[in-house]
Amino acid sequence: VQLQAFGGGLVLAGGSLRLSCAASGRTFNRYGMGWFRQAPGLGREFVAAISSSAKDIYYADSVKGRFTISRDNAKNTVYLQMNSLKPEDTAVYHCAARQIVVAGTMNWDFWGQGTQVTVSS
């Protein structure tokens with residue numbers, strides 16, 4: 001599975017962005033998908049994940065209530081709607097794929113290149 005994230009940009013605090021992650025291959029609907037982020041000088045952080053059927057969804061506490069993960073299996077795409085953005089959300093956002101989503105694991109099978117999100121105050 002090859003992944004490509006896009007949709008990042010510069011936004012004012014309180015604004016919104018929607019990230020997309022397009023996946024190649026015919027088996028997208030067999031994979032759980034996740035979003036992670038990495039700010040300068042910090043380690044990679046879990047943001048959100050969604051199971052292959054979209055039945056199970058997980059969020060980091062820091063984004064709960066502000067971010068929404070969703071997927072469209074017909075389009076091989078997973079989305080991250082980010083609202084009420086804060087300067088501390090500034091990071092490179094990556095998408096990842098894993099056959100079975102396990103809450104809390106950083107061990108994912110496939111990773112895409114990231115997209116930069118910058119939130120100015």
Side-chain angles (χ1 to χ4, degrees):
V1 177
Q2 290 186 322
L3 306 171
Q4 178 64 55
F6 54 95
L10 174 63
V11 64
L12 291 174
S16 298
L17 279 175
R18 188 175 82 155
L19 305 183
S20 300
C21 174
S24 64
R26 301 177 183 179
T27 59
F28 175 77
N29 62 0
R30 298 179 186 177
Y31 284 86
M33 299 296 296
W35 286 98
F36 296 78
R37 65 187 182 186
Q38 188 163 15
L42 299 178
R44 188 169 288 177
E45 175 189 22
F46 167 76
V47 175
I50 185 168
S51 63
S52 57
S53 65
K55 178 180 177 183
D56 299 311
I57 291 177
Y58 306 91
Y59 294 101
D61 287 343
S62 58
V63 306
K64 207 171 288 183
R66 299 188 298 122
F67 291 11
T68 302
I69 189 172
S70 61
R71 65 187 296 156
D72 185 339
N73 286 345
K75 295 183 178 179
N76 280 14
T77 301
V78 62
Y79 305 97
L80 186 68
Q81 177 66 43
M82 305 186 296
N83 298 330
S84 302
L85 282 161
K86 304 175 181 180
E88 52 264 43
D89 294 318
T90 295
V92 176
Y93 284 70
H94 299 265
C95 56
R98 194 176 195 277
Q99 286 203 322
I100 298 174
V101 172
V102 176
T105 183
M106 299 295 285
N107 184 18
W108 287 65
D109 298 323
F110 303 97
W111 292 86
Q113 290 186 325
T115 184
Q116 176 71 46
V117 172
T118 302
V119 184
S120 64
S121 57

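As a basis for the values below, the full set of heavy atoms in this structure was taken, side chains included, without hydrogen atoms, waters or symmetry mates. In this chain, residues are counted from 1 in sequence order.
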**Asked** Sub-3.5 Å donor-acceptor pair from the side chain of Tyr59 to the main-chain atoms of Ile69, do we have one?
**Response**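 Answer holds: yes.
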
**Asked** Under the 3.5 angstrom rule, does the side chain of Thr68 hit a backbone N or O of Gln81 as a donor-acceptor pair?
**Response**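 No, the answer is negative, given that no donor and acceptor are paired below the 3.5 Å cut-off.
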
**Asked** About how many Å separate CG of Leu17 and CZ of Phe67, when rounded to the nearest 0.5 Å?
**Response**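 Here the rounded value is 9.0 Å.
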
**Message:** Test: ring-ring contact (aromatic ring centres under 6.0 Å, His included). Region: residues 5-41. Which pairs qualify, not counting sequence neighbours?
**Reply:**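 Only Tyr31-Phe110, Phe36-Phe46, Phe36-Trp108, Phe36-Trp111 qualify under ring-ring contact (aromatic ring centres under 6.0 Å, His included).
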
**Prompt:** Under 4.0 Å between a Lys/Arg side-chain N and an Asp/Glu carboxylate O for Asp89 and Lys86?
**Reply:**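 So Asp89 does not pair with Lys86 through a salt bridge.
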
Which heavy atom of [X] sits nearest to which heavy atom of [Y], and what is that distance?
| X | Y | value |
| --- | --- | --- |
| Leu3 | Ala23 | CD2-CB, 3.6 Å |
| Gln99 | Asp109 | N-OD2, 3.5 Å |
| Arg37 | Ser62 | NH2-OG, 3.5 Å |
| Met106 | Glu45 | CE-N, 4.3 Å |

**Prompt:** In the single-linkage hydrophobic clustering (I, L, V, M, F, W, Y; side-chain heavy atoms under 4.5 Å), do Val117 and Val78 co-cluster?
**Reply:**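 In one cluster: yes.
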
**Prompt:** If you measure only the distance, is there a donor-acceptor pair under 3.5 Å linking the side chains of Asn29 and Ser52?
**Reply:**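 Side chains of Asn29 and Ser52: no pair found under 3.5 Å.
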
**Message:** Listing request: all disulfide (SG to SG under 2.5 Å) pairs with a residue in residues 35-70, at least two apart in sequence or in separate chains.
**Reply:**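 Every candidate disulfide (SG to SG under 2.5 Å) pair involving residues 35-70 fails, so no pair, neighbours aside, qualifies.
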
**Asked** Can you pull the disulfide (SG to SG under 2.5 Å) pairs that have at least one residue in residues 21-58, sequence neighbours excluded?
**Response**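 Listed by first then second residue: Cys21-Cys95.
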
